[in-house]
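So the structure is just underneath, and the comments pick up after that.
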Amino acid sequence: RDSLPGDPSFAGAVGNMAMAAPASPAAPTRRRAATQASGVWAALLAVAFGAAALRHSGLPSVSPAFLAAGGRGLRPGSASVVAGRMLRVQRVREPRQLERRAKLDEKELGILTEAAEQGDPESQYIIGKEFLEGENVERDLEKAALYLKKAADSGVSAAQYNLGMMLMAGQGVAENTAEGVQMLESAAVNGEPLAQYFLGMLYLQGDSVEKDMDKATELLDAAAEQGVVDAQYTIGTMLLDTPEEAVEEKKWAAHWMNKAAEQGDPRAQLAIGRMFFYGVGLEQNQENAASWVSAAANQGLVDAEYMMGTMLLAGAGVEENKQWAAHWFQQAAEKGSPDAQYNLGLMYESGDGVEEDKEKAKYWLEQAAASGDEDARTTADQIAGAEA
């Protein structure tokens with residue numbers, strides 16, 4: 001990779017440092033109206049952040065789905081598979097009323113096991129968690145389910161959540177989607193935020209339950225209020241997928257995207273960066289846009305890397321810097337972004353921001369052309385013809 005201008009951490013290199021995040025936008029003065037259901041799921045699963053129309057100059061134009069993004073939430077498919085994946089990622093949550101050390105010695109395990117056998121719900125939950133995670137004892141999913149079931153029957157919300165996920169995934173127990181949903185419902189009613197989030201996603205998709213946008217919105221909103229970042233991002237995305245004239249919904253979208261962005265979610269950082277850039281739900285401010293897009297780019301989000309390159313190339317919200325634009329296009333190009341590959345190819349072809357290199361130009365243009373970019377194919381052929 002070509003050398004970059006100076007130390008990547010220097011203050012002027014906006015693109016390669018996490019800039020100070022702008023102040024949080026004020027929350028709207030009233031609660032949002034009900035969101036529209038149309039197009040929500042497609043928006044949640046879209047891979048690109050809108051029309052990546054930027055080529056060698058200019059900036060992307062706004063499309064109706066310009067803020068749609070592929071999320072870490074539920075994807076179409078078997079609920080049991082998704083539940084199993086979430087179980088491994090989220091593992092198990094402590095009940096909010098419990099405080100304990102991460103490591104338990106043999107004596108503590110013995111005391112807790114005895115208490116669990118005597119019917120103490122919180123001890124049953126902790127021992128169930130130990131068997132589920134296998135950190136201090138040998139992992140045993142059947143024993144985990146047994147202890148979690150006892151704690152869940154006593155109303156421990158985190159046990160209800162984890163047992164529900166095990167039932168959905170068929171881990172340690174026979175797969176039983178109906179019972180899993182029922183257990184998640186109990187956990188959600190008892191205020192367990194991850195249960196609210198996962199159940200909300202099930203209602204959003206209509207997977208294992210009848211699709212119900214009102215229930216989905218209510219559950220996701222409750223999880224978002226408790227700080228579940230994926231819920232905050234999902235609610236923000238749903239609110240953005242409303243008509244252009246739904247101004248209040250856009251303000252609430254900014255509120256939730258900001259909450260998720262402040263927790264470090266790169267998708268939300270890019271989304272709120274775009275909202276600042278285009279003035280959607282927020283007062284237009286390209287400098288604030290650059291701050292958030294930079295934060296997302298530094299976390300390796302390909303669409304943010306590409307947008308950071310376009311902003312540096314055009315001097316939008318940041319001082320124009322073609323060398324740093326090339327750097328971010330390179331990062332995105334290596335992750336397979338056809339538009340970044342195209343731009344990088346043109347920069348190598350003309351020596352704009354990088355040392356002129358026809359071979360590299362042809363390589364990146366051909367990479368973009370392989371994705372169906374006809375402009376890239378034409379330009380690559382022209383370079384090859386000039387060399388002949």
Item to check | Heavy-atom pair of closest approach, residues V137 and L109 | outcome: CG1-CD1, 3.9 Å

Checklist entry - Within 45° of the six-membered ring axis of Y147 and under 6.0 Å from that ring's centre, is NZ or CZ of K150 located there? => result yes

Item to check | Test side-chain contact (heavy atoms from CB on, under 4.5 Å) applied to L346 and D352, step by step | outcome: CA-CA 8 Å; L346 289 186; D352 195 15; over 6 Å; no

Checklist entry - So, do E349 and K358 sit near enough that their side-chain heavy atoms are less than 4.5 Å apart? => result yes

Checklist entry - What are the two closest non-hydrogen atoms of P266 and A296, and how far apart are they? => result O-CB, 3.4 Å

Item to check | Heavy-atom neighbours of E114 CD exceed 12 at 6.0 Å | outcome: no

Next on the checklist: Do Q171 and M165 make a side-chain contact, defined as non-hydrogen atoms from C-beta onward lying under 4.5 Å apart?
Outcome noted: no

Next on the checklist: I'd like to know if V302 and W364 are part of one continuous hydrophobic network [Ile/Leu/Val/Met/Phe/Trp/Tyr, side-chain heavy atoms within less than 4.5 Å].
Outcome noted: no

Checklist entry - What are the two closest heavy atoms between A333 and A340, and how far apart are they? => result N-CB, 3.7 Å

Item to check | Side-chain touch Q323/V354, heavy atoms, less than 4.5 angstrom | outcome: no

Next on the checklist: I'd like to check D221 versus W256 (side-chain heavy atoms, cut-off strictly below 4.5 Å). Are they in contact?
Outcome noted: yes

Item to check | For L163 against A152, the heavy-atom pair lying closest together | outcome: CD2-CB, 4.2 Å

Checklist outcome for this item: Applying side-chain hydrogen bond (donor to acceptor under 3.5 Å, both in side chains) to K149 and not counting sequence neighbours gives D153

Next on the checklist: Taking L146 as the starting point, is it possible to reach L132 by hopping between hydrophobic residues whose side chains are less than 4.5 Å apart?
Outcome noted: no

Checklist entry - Is there a donor-acceptor contact under 3.5 Å linking the side chains of E192 and Q196? => result no

Checklist entry - Can you get from Y203 to M213 by hopping between Ile, Leu, Val, Met, Phe, Trp and Tyr side chains that sit under 4.5 Å apart? => result yes

Checklist entry - Do F131 and L141 have side chains that get closer than 4.5 Å, going by heavy atoms? => result no

Checklist entry - Do V156 and Q160 have side chains that get closer than 4.5 Å, going by heavy atoms? => result no

Checklist entry - T234 and Y197: side-chain contact (heavy atoms from CB on, under 4.5 Å), yes or no, with the steps? => result CA-CA 10 Å; T234 302; Y197 167 68; 4.2 Å; yes

Checklist entry - Are E248 and K250 within salt-bridge range, i.e. N to O under 4.0 Å? => result no

Checklist entry - For E262 and Q269, does a side-chain donor sit closer than 3.5 Å to a side-chain acceptor? => result no

Checklist entry - Is it true that atom CD of Q182 has more than 12 heavy atoms of other residues, nucleotides or ligands lying nearer than 6.0 Å? => result no

Next on the checklist: I need the single residue from M257, R267, Q232 that forms a side-chain contact (heavy atoms from CB on, under 4.5 Å) with T237. Which is it?
Outcome noted: M257

Next on the checklist: Atom NZ of residue position K335 - does it have more than 12 heavy atoms of other residues, nucleotides or ligands inside 6.0 Å?
Outcome noted: yes

Next on the checklist: Side chains of F277 and M307, heavy atoms from C-beta outward: is any pair under 4.5 Å?
Outcome noted: yes

Checklist entry - Checking side-chain contact (heavy atoms from CB on, under 4.5 Å) for the pair M275/L240: CA distance, chi angles, key distance, verdict? => result CA-CA 10 Å; M275 294 176 78; L240 282 168; 3.8 Å; yes

Next on the checklist: Check this for me: does any side-chain nitrogen of one of K129 and E133 sit under 4.0 Å from a carboxylate oxygen of the other?
Outcome noted: yes

Item to check | Audit row: L270, W292, side-chain contact (heavy atoms from CB on, under 4.5 Å) steps and yes/no | outcome: CA-CA 6 Å; L270 177 56; W292 284 117; over 6 Å; no

Checklist entry - Side chains of M168 and V181: closer than 4.5 Å at any heavy-atom pair? => result yes

Item to check | Non-neighbouring partners of Q124 that pass side-chain hydrogen bond (donor to acceptor under 3.5 Å, both in side chains), sequence neighbours left out | outcome: none

Checklist entry - Just by distance, do the side chain of S123 and the backbone of G119 share a donor-acceptor pair under 3.5 Å? => result no

